[in-house]
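Worksheet: one structure, shown below.
All figures in this text were calculated on a predicted structure; none of them were measured in a lab. Letters A, B, ... are given to chains in the order of the sequence lines, protein chains preceding strands, and every chain is numbered from 1.
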Protein chains: 2
Amino acid sequence: MGTHYRGAETERRALDGYIKLARAAEATGATINDHLRDYGLTVSQFGVIEALYHLGPMTVGELGEKILKSSGNMTLVADNLVKRGLVTRRRRSDDRRCVEIRLSAAGEALLEQIWPHHAARVVAAFSPLSAEEQEQLAALCRKLGLAQATVALEAADAPA
Amino acid sequence: MGTHYRGAETERRALDGYIKLARAAEATGATINDHLRDYGLTVSQFGVIEALYHLGPMTVGELGEKILKSSGNMTLVADNLVKRGLVTRRRRSDDRRCVEIRLSAAGEALLEQIWPHHAARVVAAFSPLSAEEQEQLAALCRKLGLAQATVALEAADAPA
DNA sequence: TGCTATTATCTCGACATCAAACTATTTAAC
DNA sequence: GTTAAATAGTTTGATGTCGAGATAATAGCA
């Protein structure tokens, strides 16, 4: 077996892993998030109120990191949640650059209404895998996800 | 161990699997697709020309299934690729409802230019996992992704 | 044949998203 | 202490995306 074939095999394996990963994430996301429309929430909006509920008040920037969205976008997501009265904005007194987002009573009530259904959907979406397989998948994804920060891309860059 | 605890454990496992899966997909996608900007392509546009290159001409609907986008959106993606001369549109003579999208010579040349870098990025993104781990991940994702079509959600639906 | 349902695509309006420019505030350097 | 650099958010403009409705073509059936 020559190096050419080995390279092709390496490539096939990574490409196959990537497409399967992307599709699994897409498909499970569709299964899980489909019902949010019934509550008039976007996936981002839900992500925000869920993060606030489980982790407590956060600044706009921290929320952006949690749900992987740009700060500009976070401003709009927060705007829309404030309009619906689900969260409140308050500028921090100790650092007046920061704006703290906090779940309102209405937001808390809404999340408590949605959460059981949401969790049930996640469980249903993952039910095709055994408990052990779910653990394996999580471990592999964790390893892969965390490592992206340190992946070396020099060889993959287009020529300047 | 009571059923309540078992239920909580089941839920924790699924929720953890889901967040890890979503983050791994997001993070690898960022690593891999980052360079498309250099070519003035969106992820969807790249998905289209890659599908056309590797699988041959397709209708708008088929492309939408491949890259998981709505038909309305596919029309715009195709529009923009046509504008750049990377693909051509042609109505099928045997079924005049269908529009066939075909890669132009320029589109083919562009994909051939990008592809090696793209593949190298996928390989780099997956390099934190061993060959065996990559195969495991792909198998688990495949099983999970394919099963979504038949997941039962009755128990998870909100009350009407 | 003609009527109806289905299918494939496009159009349109609403909205999410990003990147870049901008403002306000805080921190660091000198 | 005053000025420069860094940081947090917001604003703006362009674009991608979806969903619902419109249009056109086909298929099924009486």
query: With the threshold set at 4.0 Å, does a side-chain nitrogen-carboxylate oxygen contact exist between B:Lys83 and B:Asp79?
result: no
[X] and [Y]: same hydrophobic cluster, using ILVMFWY side-chain contacts below 4.5 Å?
X        : Y       : result
A:Ile114 : B:Leu15 : yes
A:Leu55  : B:Tyr18 : yes
A:Leu63  : B:Ile19 : no

Between [options], which nucleotide has the shortest distance from any of its atoms to the side chain of [X]?
X       : options               : answer
A:Lys69 : D:dT10, C:dT17, C:dT9 : C:dT17
A:Ser44 : C:dT26, C:dA16, C:dT9 : C:dA16
A:Asn73 : C:dC18, D:dT10, C:dT9 : C:dC18

field: Side-chain touch A:His117/A:Leu36, heavy atoms, less than 4.5 angstrom
entry: no
What is the distance, rounded to the nearest whole Å, between atom [atom1] of [X] and atom [atom2] of [N]?
X       : N      : atom1 : atom2 : answer
A:Leu36 : D:dC18 : CG    : C1'   : 15 Å
A:Arg91 : D:dG9  : CZ    : P     : 8 Å
A:Arg92 : D:dT7  : CZ    : P     : 16 Å
B:Asp95 : D:dA24 : CG    : C1'   : 11 Å
B:Leu68 : D:dG19 : CG    : P     : 13 Å
A:Asp34 : D:dG19 : CG    : C1'   : 13 Å

task: Name every residue in residues 74-84 of chain B that has at least one heavy atom under 4.0 Å from any atom of DNA chain C, in order of residue number, or write none if there are no such residues.
output: B:Thr75
- prompt: Tell me, which of residues 45-66 of chain A have any heavy atom that sits under 4.0 Å from an atom in DNA chain D?
  reply: A:Thr59, A:Val60, A:Gly61
- prompt: Can any side-chain N or O of B:Gln45 pair as donor or acceptor with the backbone N or O of B:Thr42 at less than 3.5 Å?
  reply: yes
task: Would you check if the side chain of B:Ser104 reaches a backbone N or O of B:Gly85 as a donor-acceptor pair within less than 3.5 Å?
output: yes
- request: Select base, sugar-phosphate, or nothing to describe what A:Thr42 touches, counting heavy atoms under 4.0 Å on all strands.
  value: sugar-phosphate
message: Quick check: any donor-acceptor pair below 3.5 Å linking the side-chain of A:Arg97 to the base of D:dT7?
response: yes
Donor + acceptor pair across side chains of B:Glu112, B:Tyr53 (<3.5 Å): yes
task: State whether a side-chain donor-acceptor pair under 3.5 Å links B:Glu100 with B:Thr59.
output: no
- line: Comparing nearest nucleotides in DNA chain C, the 5'-proximal residue of the pair A:Val43, A:Arg96 is A:Val43
- request: Compare side-chain N and O positions of B:Arg37 against OP1 and OP2 of D:dT15 and report whether any pair is under 4.0 Å apart.
  value: no
task: Look at B:Arg89 and C:dC10 and indicate whether a side-chain polar atom (N or O) is within less than 4.0 Å of OP1 or OP2.
output: yes
statement: Nearest-nucleotide check on DNA chain D, A:Val99 vs B:Ser71; residue mapping nearer the 5' end is A:Val99
- request: Quickly, which of B:Val60, B:Val43, B:Val77 forms a side chain to side chain contact (heavy atoms under 4.5 Å, CB included) with B:Val48? Name it, please.
  value: B:Val77
